Amino acid sequence: MKKLILLFIVSACVALTSCVKDNTGTHEPTQPEDKALTERLTTSTVMQVPVQTGKITVVTYAGDTLCIATGATSIMVPKTGAISKADDPIKISYINESDPNYAALLKDGDKSGIWQTLVFEDSKNADHDYNDLVLHVRYQRSFKANNDLFCIGVQPIAFGATKLIKLGCEIIYKGQSVFNEIISQNAKNDFFTGTTQAQLINTYNMDYQSPLFTKVFAFDAKGVEMGEIRVIWYIQVDGENVKEGQVTLYAVNDKYSFTNKEKRPYGIIITDASETLGDHNLEHTPAWFSYPKEQINISDCYPGFDGWISGSAQTFNTKIYNIKNIFNIVQKLGKEPKMLYEMQSNGLEKPDSGRYKDITKHYPIQSL
């Protein structure tokens with residue numbers, strides 16, 4: 001399992017269902033897009049983890065451990081038909097008692113986790129460079145005693161907007177909305193600390209690098225499987241005129257409308273763990289997506305993107321791109337950005353550890 005660092009810790013207990021808030025502002029029409037488009041653009045799926053008596057199941061994808069399980073459970077995995085990585089499929093292995101790693105895995109407890117990359121446009125009349133807000137998020141489910149939690153860690157990557165952006169998150173559990181809040185009133189200030197509101201971050205030059213999660217939310221989740229949870233992401237921004245007011249723009253989801261008049265999503269969620277960076281022969285880096293440079297249309301970066309949107313292609317191959325038009329972090333740093341991804345061990349798995357109390361804010365652990 002990739003190592004994890006915690007910067008924003010969630011700490012006390014309250015009942016989630018008693019404090020669900022609707023802070024989502026002016027909604028787009030609540031009817032979702034057609035099922036075919038939604039299914040095609042959804043890049044994750046649910047997998048039932050197979051188990052064998054007396055053995056530990058380990059599920060990996062592109063070298064990243066998605067799940068360690070001693071009992072039957074469901075998890076979130078990359079939908080390999082959506083983001084084309086046929087050369088590195090999901091792999092399942094079984095660890096028995098004779099394996100030298102068996103005792104340590106058993107003691108560590110069942111867990112599952114996955115990365116996603118969120119890329120947003122901040123306007124209905126967009127330039128489609130999908131770099132107005134770029135975040136990595138990590139979902140982590142731990143079943144250890146006194147640590148039976150579902151956690152979401154948010155890591156900042158890029159900010160290419162000039163307007164104020166609020167970030168919202170809705171959690172669906174067994175078909176019911178159990179959490180719906182604006183988790184950042186000002187994404188620029190909250191995530192990209194020490195930068196100015198007018199500064200564009202990591203869209204022209206490498207301006208900012210954070211090895212940490214800048215927000216982590218933890219939920220008491222006893223009896224909850226990762227595969228039973230669905231997370232919907234959205235942003236709130238000022239509309240195109242005073243009359244329109246503030247609008248809510250959703251990333252791809254199956255509950256709310258998420259496309260503009262050109263049928264392009266306001267936000268795309270990339271669920272993958274196998275992208276190498278640029279033309280460099282480097283080890284896999286989790287959930288990396290090379291987003292477009294400032295004011296460059298994503299169609300001019302990825303020749304397969306338009307077909308994915310229109311339906312003439314069922315997959316979006318992120319390995320085929322115009323390297324001159326993408327923001328290639330390897331070229332910018334001159335090395336693989338390991339610190340962006342190598343998170344230390346007791347981060348999301350121990351959000352109440354208080355390890356970073358001097359630099360954290362504290363929010364309550366909620367109950368799913």
Side-chain angles (χ1 to χ4, degrees), residues 4-11 21-26 116-123 126-127 129-138 151-170 179-218 231-240 245-251 266-267 269 291 293-295 327 329 332 337 339-341 343 347-348 351 355-364 366:
L4 306 167
I5 280 183
L6 172 66
L7 177 60
F8 176 85
I9 300 176
V10 190
S11 64
K21 299 178 183 178
D22 185 2
N23 294 328
T24 55
T26 304
Q116 288 187 329
T117 304
L118 314 180
V119 296
F120 278 101
E121 279 292 322
D122 67 354
S123 173
D127 57 7
D129 58 11
Y130 288 99
N131 64 22
D132 293 328
L133 180 62
V134 182
L135 301 169
H136 283 172
V137 294
R138 171 79 181 182
C151 300
I152 302 175
V154 183
Q155 179 193 20
I157 299 298
F159 194 93
T162 56
K163 61 176 68 173
L164 187 146
I165 295 179
K166 300 177 183 179
L167 179 68
C169 174
E170 181 173 3
F179 178 87
N180 190 2
E181 293 191 15
I182 296 295
I183 63 173
S184 172
Q185 293 290 333
N186 187 326
K188 184 67 170 296
N189 288 349
D190 289 346
F191 297 126
F192 301 88
T193 56
T195 64
T196 65
Q197 191 64 41
Q199 182 181 0
L200 300 183
I201 305 298
N202 294 349
T203 61
Y204 287 113
N205 301 302
M206 188 68 194
D207 308 298
Y208 190 87
Q209 183 179 5
S210 172
L212 308 174
F213 293 118
T214 50
K215 285 187 182 292
V216 169
F217 295 90
V231 182
I232 296 174
W233 294 96
Y234 57 90
I235 60 173
Q236 278 187 3
V237 294
D238 288 338
E240 304 306 312
Q246 194 167 76
V247 296
T248 300
L249 307 178
Y250 284 90
Y266 297 118
I269 301 174
Y291 51 89
K293 293 178 181 177
E294 187 63 30
Q295 296 184 338
F327 190 88
I329 199 168
K332 302 296 183 183
M339 283 301 293
L340 283 175
Y341 310 98
M343 309 299 185
L348 291 187
R355 180 173 180 177
Y356 300 101
K357 278 186 177 179
D358 57 328
I359 53 174
T360 58
K361 300 176 183 177
H362 295 271
Y363 281 68
Q366 318 261 8

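For the numbers below, each heavy atom of this structure counts, side chains included, while hydrogens, waters and symmetry mates do not. Quick caveat: nothing in here was measured; it's all calculated off a predicted structure.
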J.: Taking the side chain from D122 and the backbone from A161, do they hold a donor-acceptor pair closer than 3.5 Å?
T.: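 No, because the side chain of D122 does not come within donor-acceptor range (under 3.5 Å) of the backbone of A161.
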J.: Closest heavy-atom contact between D207 and N202?
T.: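 Scanning both residues, the minimum pair turns out to be N-OD1, 2.7 Å.
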J.: Apply side chain to side chain contact (heavy atoms under 4.5 Å, CB included) to the pair L167 and L135, showing each step before the final yes or no.
T.: CA-CA 11 Å; L167 179 68; L135 301 169; 3.6 Å; yes
J.: Can you tell me how far the CD atom of Q116 sits from the CZ atom of R138, to the nearest 0.5 Å?
T.: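 So the gap between those two atoms works out to 11.0 Å.
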J.: Tell me the closest heavy-atom pair linking G160 and L200, and the distance in Å.
T.: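 Here G160 and L200 meet closest at C-CD2, 3.6 Å.
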J.: Report the distance from atom CD of Q295 to atom CG of N131, rounding to the nearest 0.5 Å.
T.: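 One gets 9.0 Å once the value is rounded to the nearest 0.5 Å.
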J.: What heavy-atom pair brings F159 and A187 nearest, and what distance separates the two atoms?
T.: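 Minimum heavy-atom contact is CE1-CB, 4.3 Å.
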J.: L118 and Y130: side chain to side chain contact (heavy atoms under 4.5 Å, CB included), yes or no, with the steps?
T.: CA-CA 9 Å; L118 314 180; Y130 288 99; over 6 Å; no
J.: Which is it for W233 and L133 under the side chain to side chain contact (heavy atoms under 4.5 Å, CB included) test, yes or no, and what are the steps along the way?
T.: CA-CA 12 Å; W233 294 96; L133 180 62; over 6 Å; no
J.: Roughly how far apart are D132 CG and K188 NZ, rounded to 0.5 Å?
T.: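 D132 atom CG to K188 atom NZ measures 11.0 Å (nearest 0.5 Å).
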J.: Who passes side-chain contact (heavy atoms from CB on, under 4.5 Å) against S123, sequence neighbours left out?
T.: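 Applying side-chain contact (heavy atoms from CB on, under 4.5 Å) to S123 gives N125, K163, E240.
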J.: Give me the ring orientation class for F327 and Y291: parallel if the planes are under 30° apart, tilted from 30 to 60°, perpendicular past 60°.
T.: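 Ring orientation, 0 to 90° scale: parallel.
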J.: Apply side-chain contact (heavy atoms from CB on, under 4.5 Å) to N189 and list each qualifying residue two or more places apart in sequence or on a separate chain.
T.: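 Per chain and number, N189 pairs via side-chain contact (heavy atoms from CB on, under 4.5 Å) with N186, Q197.
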J.: Quick one: CD on Q236 to CD1 on I165, what's the gap to the nearest 0.5 Å?
T.: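 Q236 CD to I165 CD1: 11.5 Å, rounded to 0.5 Å.
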J.: Considering non-hydrogen atoms only, spot the tightest contact between Y208 and P156 and give its length.
T.: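 Residues Y208 and P156, closest heavy atoms: CE2-CG, 4.1 Å.
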J.: Determine, stepwise, if the pair V134 / T117 fulfils side chain to side chain contact (heavy atoms under 4.5 Å, CB included).
T.: CA-CA 7 Å; V134 182; T117 304; 4.2 Å; yes
J.: Please tell me whether Y266 and T248 have a donor and an acceptor in their side chains that are separated by less than 3.5 angstrom.
T.: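 No pair is found: no donor N or O on one side chain lies under 3.5 Å from an acceptor on the other.
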J.: Could you tell me the separation between the CD1 atom of I235 and the CD atom of Q246, rounded to the nearest 0.5 Å?
T.: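 Rounded to the nearest 0.5 Å, the CD1-CD separation comes out at 10.5 Å.
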J.: Are any side-chain N or O atoms of E121 and backbone N or O atoms of D129, one a donor and one an acceptor, separated by less than 3.5 Å?
T.: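 Yes; judged by distance alone, with no hydrogens or angles, the pair exists.
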J.: Mind checking the NE2-CD1 spacing from H136 to I157? Nearest 0.5 Å is all I need.
T.: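 Nearest 0.5 Å value for the NE2-CD1 distance: 4.0 Å.
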